[in-house]
Amino acid sequence: MTTLSPHQQLEQLRRGTVEIITESALLEKLEQGRPLRVKLGLDPTAPDIHIGNAVVLHKLRQFQDLGHEAILVIGDFTGLIGDPSGKSETRPALSPDEVQRNAATYRDQYSLILDPARTRVVFNSEWLRPLTFYDVIRLASRATVHRLLERDDFAKRFREHLPIHLHELLYPLCQAYDSVAIRADVELGGTDQKFNNLMGRELQRELGQDPQVVVLTPLLPGLDGVQKMSKSLGNAIGITEPAGAMYGKVMSLADSLMIPYFEYCTLVPLDEIRAMEQALRAGDLHPRDAKQRLANAITARYHGDAAARVAADEFTRVFRERELPASVPARVLSRDTLRSKGALDEPNWVRLEPLLVELGFAASNSDARRLIRQGGVGLQPPAHGDGGAEQPLRLPHDASRLISLGVLEDLGKGGFRVCVPDAGPGGPPPAERSGLLVRVGRRQIARVWLGA
RNA sequence: GGGGAGGUACCCAAGCGGCCAAAGGGGGCUGACUGUAGAUCAGCUGGCGGAAUGCCUUCGGAGGUUCGAAUCCUUCCCUCCCCA
């Protein structure tokens with residue numbers, strides 16, 4: 001256990017939370033001087049930790065560092081319902097095998113932030129599945145429809161005459177029962193879990209347990225600044241993403257998100273953050289510089305200082321100075337695949353649209369055509385010798401130059417084909433710059449060769 | 001159980017026999033500008049395609065009427081409202 005006094009622990013734990021229900025109850029628990037059981041409920045989906053859901057994990061880690069025990073409750077059974085808060089779909093029940101396999105996955109994934117020695121992973125099907133219908137009715141009798149309809153999303157749907165299925169109402173109850181089953185002292189969650197977590201408190205009290213303390217952490221807005229961060233919404237920064245990508249994503253953040261991100265995703269002291277906020281408002285601090293510091297802090301947290309510095313340099317070089325990245329992903333495309341799509345005209349001449357599709361830079365040939373027409377596609381011919389850092393030439397604007405360089409052929413009506421060099425037998429492509437550089441927009445870039 | 005209103009592209013939402021691949025808005029994408037931000041402006045936004053007054057697929061599902069259907073008919077599925 002920690003040597004910190006209960007008050008000091010509380011002080012630490014308070015930081016970065018939105019609400020603790022109640023602080024006095026937490027203090028009482030801390031004063032008992034025993035390791036508390038701290039619960040965190042998780043979706044049964046494959047874990048995809050991003051800096052958004054990392055917020056609550058770091059909080060949990062803090063509990064662990066103070067000597068408490070983390071219990072990850074995987075909602076494999078509640079997954080049958082799907083948390084009604086989202087436009088969730090129900091998921092098929094997991095087989096015992098899958099459960100076992102997943103348990104390992106969760107432990108691995110969460111070990112990136114949590115202390116494995118103080119983490120227990122449990123699945124709620126363990127206690128929810130055995131309940132009989134009788135049990136369920138008894139359980140359901142503990143809650144009223146009115147109480148359940150207080151939940152924002154239920155209330156909203158009710159108001160708007162959108163369907164609310166009966167079993168959805170059971171979700172908060174199931175989750176509450178989890179707390180009973182593991183005799184949770186504390187339940188952690190994002191603010192969107194407030195209702196569910198409070199339900200746990202109520203149910204525990206009903207059933208004669210000391211009610212859990214609810215600790216709510218903020219929901220981190222996603223990169224779009226509108227919705228909460230979520231992988232499926234494509235607005236997330238994954239904690240295992242490469243440093244460069246992480247840094248870049250932070251830099252493209254809306255200005256209005258900087259301060260919240262500083263607060264929730266970094267360890268920068270609060271008073272420094274306040275100072276920055278002031279300076280920004282006063283115009284003494286360029287937002288770009290503040291954002292660079294943010295990008296640095298976040299990247300360093302997951303990749304270390306050195307990697308963060310490299311990412312920063314690379315960023316400056318590519319986006320400020322508009323040079324090519326230090327390393328461009330190499331892609332060797334299969335002749336067979338291209339041929340089967342009718343994209344390969346002669347041994348090395350490939351139609352541009354299917355090429356972009358093949359690279360994943362365009363969704364369809366039509367999409368590719370649109371990109372080309374709108375000047376979104378850039379090509380840079382392979383360098384013979386050292387050609388210096390030439391910029392990719394834009395299509396269709398620079399078509400004539402590319403044609404004179406012998407890498408492009410105009411098929412008329414906006415159609416093009418390009419000359420893609422050979423990758424050579426087997427192995428990786430030869431000299432780095434011998435490939436055709438293809439770029440769409442700023443981010444999508446690859447050096448391309450043709451293979452078998 | 002009775003009565004009524006609905007289900008249109010990623011979302012909202014017009015259309016109610018041909019000029020509908022389907023108005024408008026949102027979102028997304030590309031370009032200009034810039035700090036890879038925001039705001040603004042321009043273009044694009046089903047697939048195929050050597051940019052066709054071209055072909056294919058799409059308006060809850062399945063059939064049907066018609067030269068022709070998102071639009072009319074039959075039937076099935078789903079949602080909401082009012083009454084019980």
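All values below come from the heavy atoms of this structure, side chains included, with hydrogens, waters and symmetry mates left out. Below, chain A is the first sequence line, B the second, and so on; all start at residue 1.
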How many angstroms lie between atom NE2 of A/His50 and atom CD1 of A/Ile237, to the nearest 0.5 angstrom? 10.5 Å
If the sugar-phosphate is the primed atoms plus P, OP1 and OP2 and the base is the rest, what is the B/S/- string for nucleotides 40-47 of chain B, using protein heavy atoms under 4.0 Å? ---BSS-S
A/Val357 or A/Arg394, whichever maps to the more 5' nucleotide of RNA chain B: A/Arg394
Would you measure the distance from the P atom in B/U79 across to the matching atom in B/G27 and give it in whole Å? 31 Å
Whole-Å P distance, B/G46 and B/G24: 12 Å
Taking the same atom, P, in B/G26 and in B/C19, what whole-Å distance lies between them? 27 Å
Report yes if the side chains of A/Met258 and A/Leu280 come closer than 4.5 Å at any heavy-atom pair, otherwise no. yes
Take atom P in B/C55 and the same atom in B/G60, then report the distance between them in whole Å. 24 Å
Side chains of A/Asp410 and A/Ser400: does their closest heavy-atom pair fall under 4.5 Å? no
Reported CZ-to-CG distance for the pair A/Arg394 and A/Leu402, which is rounded to 0.5 angstrom: 12.0 Å
Name the pairing partner of B/C16, where a pair is Watson-Crick or G-U wobble with both distances under 3.5 Å, or state none. none
Against the side chain of A/Arg351, the closest entry in B/G50, B/C29, B/A32 is B/G50
Measure CG/A/Asp224 against C1'/B/C11 and give the value in whole Å, please. 14 Å
When rounded to the nearest 0.5 angstrom, what distance separates CD1 in A/Ile49 from CG in A/Leu114? 7.5 Å
Any strand, both distances under 3.5 Å, Watson-Crick or G-U wobble: B/U53 pairs with none
Please determine if A/Asp271 and A/Arg274 form a salt bridge, counting it only when a charged side-chain N lies under 4.0 Å from a carboxylate O. no
Grab the OH-P distance between A/Tyr247 and B/A37 for me, whole Å please. 15 Å
Rounded off to whole Å, could you give me the CD-to-P distance for the A/Glu353 and B/U30 pair? 17 Å
Integer angstrom distance from the C1' of B/A70 to that of B/G38: 40 Å
If you measure from the P atom in B/C73 to the same atom in B/A5, how many Å do you get, rounded? 13 Å
Whole angstrom is fine here: how far is it from CZ in A/Arg417 over to P in B/G49? 16 Å
Rounded to whole angstrom units, what separation is found between the CZ atom of A/Phe361 and the C1' atom of B/U30? 15 Å
Between C1' of B/C29 and CG of A/Leu356, the distance in whole Å: 14 Å
Whom does B/G1 pair with, Watson-Crick or G-U wobble, provided both distances fall under 3.5 Å? B/C83
A/Asp313-A/Thr316 side chain donor-acceptor pair, cut-off 3.5 Å: no
Where does the angle between the aromatic ring planes of A/His58 and A/Tyr302 fall among parallel (under 30°), tilted (30 to 60°) and perpendicular (over 60°)? tilted
Does A/Arg369 have a side-chain nitrogen or oxygen under 4.0 Å from the phosphate oxygens OP1 or OP2 of B/C29? no
Is there side-chain contact between A/Ile372 and A/Leu356, with heavy atoms separated by less than 4.5 Å? yes
Counting only Watson-Crick or G-U wobble pairs whose two distances fall under 3.5 Å, which nucleotide matches B/C29? B/G43
Any chance the side chains of A/Lys59 and A/Thr17 put a donor and an acceptor closer than 3.5 Å? no
N/O to N/O distances under 3.5 Å, protein versus nucleotides 81-84 of chain B:
unit_1	atom_1	unit_2	atom_2	d
B/C81	OP1	A/His161	ND1	3.1

Return yes if a side-chain donor-acceptor contact under 3.5 Å exists between A/Gln175 and A/Gln193, otherwise no. yes
Start with the C-alpha gap between A/Asp108 and A/Thr105, add the side-chain angles, then the distance that decides, and say whether side chain to side chain donor-acceptor pair (under 3.5 Å) holds. CA-CA 5 Å; A/Asp108 288 351; A/Thr105 313; over 6 Å; no
Report the distance from atom CD1 of A/Ile372 to atom P of B/G50, rounded to the nearest whole Å. 12 Å
Starting from C1' on B/G38, measure out to CG on A/Leu223 and report it in whole angstrom. 15 Å
Pairing of A/Glu346 and A/Arg417 as salt bridge, 4.0 angstrom limit: yes
Any base atoms under 4.0 Å from A/Gly375, or only sugar-phosphate, or nothing? Heavy atoms, all strands. sugar-phosphate
What is the pairing partner of B/U34, taking Watson-Crick or G-U wobble pairs with both distances under 3.5 Å in any strand? none
B/C16 versus B/U65 - spacing of their P atoms, nearest Å: 25 Å
Anything under 3.5 Å between a protein N or O and an N or O of nucleotides 33-35 of chain B, put it in a table, one pair a line.
unit_1	atom_1	unit_2	atom_2	d
B/U34	O4	A/Arg322	NH2	3.3
B/G35	O6	A/Asp255	OD2	3.4
B/G35	N1	A/Asp255	OD1	3.3
B/G35	N1	A/Asp255	OD2	2.6
B/G35	N2	A/Asp255	OD1	2.4
B/G35	N2	A/Asp255	OD2	3.4
B/G35	N2	A/Lys291	NZ	2.8

